[in-house]
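Taking it in order: structure first as structure tokens, then the write-up.
Whatever order the structure lists them in is the order used to number ligands and atoms, beginning at 1. Note that these values count all heavy atoms, side chains included, but never hydrogens, waters or copies made by symmetry. We count residues from 1, following the sequence as given.
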Amino acid sequence: MTDLDTIFALSSGPTPSGVALIRISGPAAFHAAGFLVENLPQTRSMVLRSIRRRNKELIDSGLVLVFPGPASFTGEDCVELQVHGSRAVVNAIFSELRALGLRPAEAGEFTQRAFNNGKLDLVEVEGLGDLISAETEMQRRLAIEQSAGGLSKRYNEWAIALTRARALIEAELDFADEDDVPGSVSQQVWTDVTRIALEIDRQITATERAGSVRDAFKVVILGPPNAGKSSFLNALVDRDVAIVTEIAGTTRDVIEVDLDLDGFLVRLSDTAGLRETADLVEQEGIRRARFAAENADLVLLLQEIDSFPEQVSAFRSGQSVLRIGTKADRHPGQGGDFDICVSVETGEGLDRVREAIVERAGLNWAAIAGLGAGRLRHVSHLQKASHFLEEALQGSELDLRAESLRLAAGSLGRITGRVDVEDMLDVIFSEFCIGK
Ligand SMILES: Nc1nc2c(ncn2[C@@H]2O[C@H](COP(=O)(O)OP(=O)(O)OP(=O)(O)O)[C@@H](O)[C@H]2O)c(=O)[nH]1
Ligand SMILES: [Mg+2]
């Protein structure tokens, strides 16, 4: 399997559909399409054509789009056929393409070629994957920023700035007695490095938080047995997902439901009621409830209004918690101790809970939106870069400090998989007038 193969695939959704889009990419794309379509345009244009078997039998008519490489998605010669979206039409075209020596693309192979040909870097590839799988508005916004190169640009700018700083330091070391080295560079260099280190630390925090937008904002419903947790979950999602009975200890497993609230993907978890128990199954349920709460972005702590206050210490301190008084219909005018009082009988308070969840998810979003935060994969590289910058800033030997800057820039380059620090160094040195 090599990039010399010419590949094809159905790039639109499953058939039958109104239109099917067949993508062909590779060195033989034009040659093969030329058999199916008469008068294939050789420039970037779209034409209506009959699409025929090699024996001239008509398969369908459709739009033919031609992208000569390298100005195409993959960087190779590409042809796109927009035909009627029936299985038979698509199969007939595929069998002709196979007979012409082309092969079906592997999953992700078009994007892999775009990467190999320098059309996309790794960060943009990840962004594209996220964009295609985005279900909510916020996931889309996060992904489009990343797939359009905004995030790569930030990583690359840091890597370039650090490499420039290192070049200046090395110049100072190597040519300390020459006149045309930019004079006493060190102070400016370390000011810049300090600023970049701070920016990278902010990026790490944002990236860790971004998980709650990309995956889901995790909301865990916690509280004593019979507080009305399962009834509350059912009311919020307006479906009968969890079993409700008057028996304390009904829920044993963690029950998860995904919701789109104002563009945020929210994952609600109902859990087993917390109490001391000898029942082994219930103990395991309670262990899972605590675990879920510890990993939540927001805990909704439910308790029936006017009931004996329970000590629930299941979550780490500093965790976001909303205290919710339940069964408000039974306790009119009470519930001053709670953030919000709800009743699943009357619907009271449910909208306020939804608003509060969106507000918390929005705070998270605000912290990451401007930074176009990437994936957890990026965090480990960013942390390494941050660690090397710390070493560079604390060090005393100038040559070791320069080496730490090189390692930091290398860690950043690895995120996009594109920036070769040594190549950049040549460019930067060529800007100096040393040895001219
Ligand atoms: N009047 C009234 N009853 C409620 C309300 N919410 C829940 N209940 C009742 O309270 C009882 C317990 O409800 P569940 O939702 O099963 O409580 P839970 O917290 O999930 O209980 P466990 O799963 O055992 O921990 C049921 O009989 C519900 O009908 C409410 O808002 N008003
Ligand atoms: Mg329950």
Side-chain angles (χ1 to χ4, degrees), residues 216-261 265-316 319-360:
F217 186 76
K218 296 192 281 299
V219 177
V220 171
I221 302 168
L222 203 69
N226 251 346
K229 301 180 295 300
S230 302
S231 313
F232 173 77
L233 172 82
N234 291 346
L236 270 187
V237 303
D238 205 15
R239 273 192 294 144
D240 211 4
V241 280
I243 300 171
V244 168
T245 73
E246 64 280 4
I247 303 163
T250 300
T251 306
R252 302 297 181 90
D253 259 328
V254 177
I255 297 171
E256 291 185 343
V257 190
D258 284 355
L259 263 188
D260 181 345
L261 283 184
L265 177 62
V266 174
R267 181 158 303 146
L268 281 171
S269 300
D270 179 27
T271 61
L274 303 180
R275 65 170 171 185
E276 295 297 327
T277 172
D279 182 326
L280 278 181
V281 181
E282 200 179 349
Q283 278 175 7
E284 176 57 20
I286 291 170
R287 195 191 63 77
R288 291 179 188 209
R290 291 181 188 279
F291 182 77
E294 279 163 18
N295 291 291
D297 295 305
L298 172 64
V299 172
L300 303 181
L301 197 53
L302 267 63
Q303 194 177 333
E304 182 169 350
I305 299 166
D306 207 22
S307 65
F308 183 70
E310 299 275 340
Q311 295 297 316
V312 185
S313 57
F315 40 88
R316 54 179 194 262
Q319 188 159 22
S320 202
V321 176
L322 265 183
R323 299 192 64 243
I324 295 183
T326 58
K327 311 188 190 180
D329 53 292
R330 287 195 194 159
H331 309 278
Q334 291 173 282
D337 300 344
F338 295 95
D339 296 318
I340 302 174
C341 290
V342 298
S343 162
V344 302
E345 298 293 329
T346 65
E348 174 188 340
L350 294 174
D351 276 341
R352 282 188 60 204
V353 173
R354 288 193 187 93
E355 284 162 18
I357 295 173
V358 169
E359 191 187 315
R360 309 286 172 118

Task: Ligand-residue contact atoms, ligand 1 with I247, heavy atoms, under 4.0 Å - done: 24 (O)
Open item on the list: Below 2.8 Å, can you find an N, O or S atom of T251 next to the Mg ion (ligand 2)?
Closed with: yes
Task: I357 side, atom CD1; R360 side, atom CZ - distance, nearest 0.5 Å - done: 10.0 Å
TODO: Would you check the N or O atoms of F232, main chain and side chain alike, for any that come under 3.5 Å of an N or O of ligand 1?
DONE: no
- [ ] Give the numbers and elements of all ligand 1 atoms closer than 4.0 Å to a heavy atom of S231.
- [x] 6 (N), 7 (C), 13 (O), 14 (P), 15 (O), 28 (C)
Open item on the list: Within the 4.0 Å heavy-atom shell around G228, which atoms of ligand 1 are there?
Closed with: 7 (C), 13 (O), 14 (P), 15 (O), 17 (O), 18 (P), 19 (O)
Open item on the list: Within the 4.5 Å heavy-atom criterion, are T277 and Q283 side-chain neighbours or not?
Closed with: yes
- [ ] Indicate yes or no: does an N/O atom of V342 lie under 3.5 Å from an N/O atom of ligand 1?
- [x] no
Task: Reported CD1-to-CG distance for the pair I221 and L268, which is rounded to 0.5 angstrom - done: 5.0 Å
- [ ] Tell me, please, if S230 has any N/O/S atom, main chain or side chain, under 2.8 Å from the Mg ion (ligand 2)?
- [x] yes
TODO: Specify side chain, backbone, both or neither for A248, according to which of its non-hydrogen atoms lie closer than 4.0 Å to ligand 1.
DONE: backbone
Open item on the list: Checking contacts here: is it the side chain or the backbone of T245 that comes within 4.0 Å of ligand 1, counting heavy atoms only? Could be both or neither.
Closed with: backbone
Open item on the list: Checking the side chain of D253 only, and the main-chain atoms of I255 only, is there a donor and an acceptor separated by less than 3.5 Å?
Closed with: no
Task: Pair F232-L350, side-chain contact (heavy atoms from CB on, under 4.5 Å): steps then yes or no - done: CA-CA 8 Å; F232 173 77; L350 294 174; 4.0 Å; yes
Task: Heavy atom of the protein closest to atom 6 (N) of ligand 1 (residue, atom name, distance) - done: V344 CG2, 3.5 Å
TODO: Run down the list E246, K327, K229 and name the one with the heavy atom closest to atom 9 (C) of ligand 1.
DONE: K327
Task: Any D270 heavy atom less than 4.0 Å from ligand 1 - done: no
- [ ] State whether the shortest distance between N or O atoms of T250 and N or O atoms of ligand 1 falls below 3.5 angstrom.
- [x] yes
- [ ] Record the part of T326 in heavy-atom contact with ligand 1 below 4.0 Å; permitted values are side chain, backbone, both and neither.
- [x] neither
Task: atom 12 (C) of ligand 1: nearest protein contact (heavy atom, Å) - done: N226 OD1, 2.9 Å
Task: Nearest neighbour in protein (non-hydrogen) for atom 32 (N) of ligand 1 - done: D329 OD1, 2.8 Å
Task: Pairwise side-chain contact, V244 with T250, heavy-atom cut-off 4.5 Å (strictly under) - done: no
Task: Evaluation steps, side-chain contact (heavy atoms from CB on, under 4.5 Å), between C341 and I305 - done: CA-CA 8 Å; C341 290; I305 299 166; 3.8 Å; yes
- [ ] Look at E284 together with R288 and state whether they make a salt bridge at an N to O cut-off of under 4.0 Å.
- [x] yes
- [ ] Give yes if a backbone or side-chain nitrogen or oxygen of G273 is under 3.5 Å from a nitrogen or oxygen of ligand 1, and no if not.
- [x] yes
Open item on the list: Please list, in number order, the atoms of ligand 1 under 4.0 Å from a heavy atom of R330.
Closed with: 1 (N), 3 (N)
Task: T326 OG1 to L300 CG distance, which is reported to the nearest 0.5 Å - done: 12.0 Å
Open item on the list: Polar contacts were defined as any N/O atom of the residue lying under 3.5 Å from an N/O atom of the ligand; does this apply to V244 and ligand 1?
Closed with: no
- [ ] Using modelled atom types only, decide if a donor and an acceptor are shared between the side chain of K218 and the backbone of A293 within a distance under 3.5 Å.
- [x] no
Open item on the list: Testing the 3.5 Å rule here: is there a donor-acceptor pair between the side chains of D329 and T346?
Closed with: no
Open item on the list: Only heavy atoms of A227, strictly under 4.0 Å: list the atoms of ligand 1 that pass.
Closed with: 19 (O)
Open item on the list: I'd like to know if E282 pairs up with R275 as an ion pair, taking the criterion as any Lys NZ or Arg NE/NH1/NH2 lying under 4.0 Å from an Asp or Glu carboxylate oxygen.
Closed with: yes
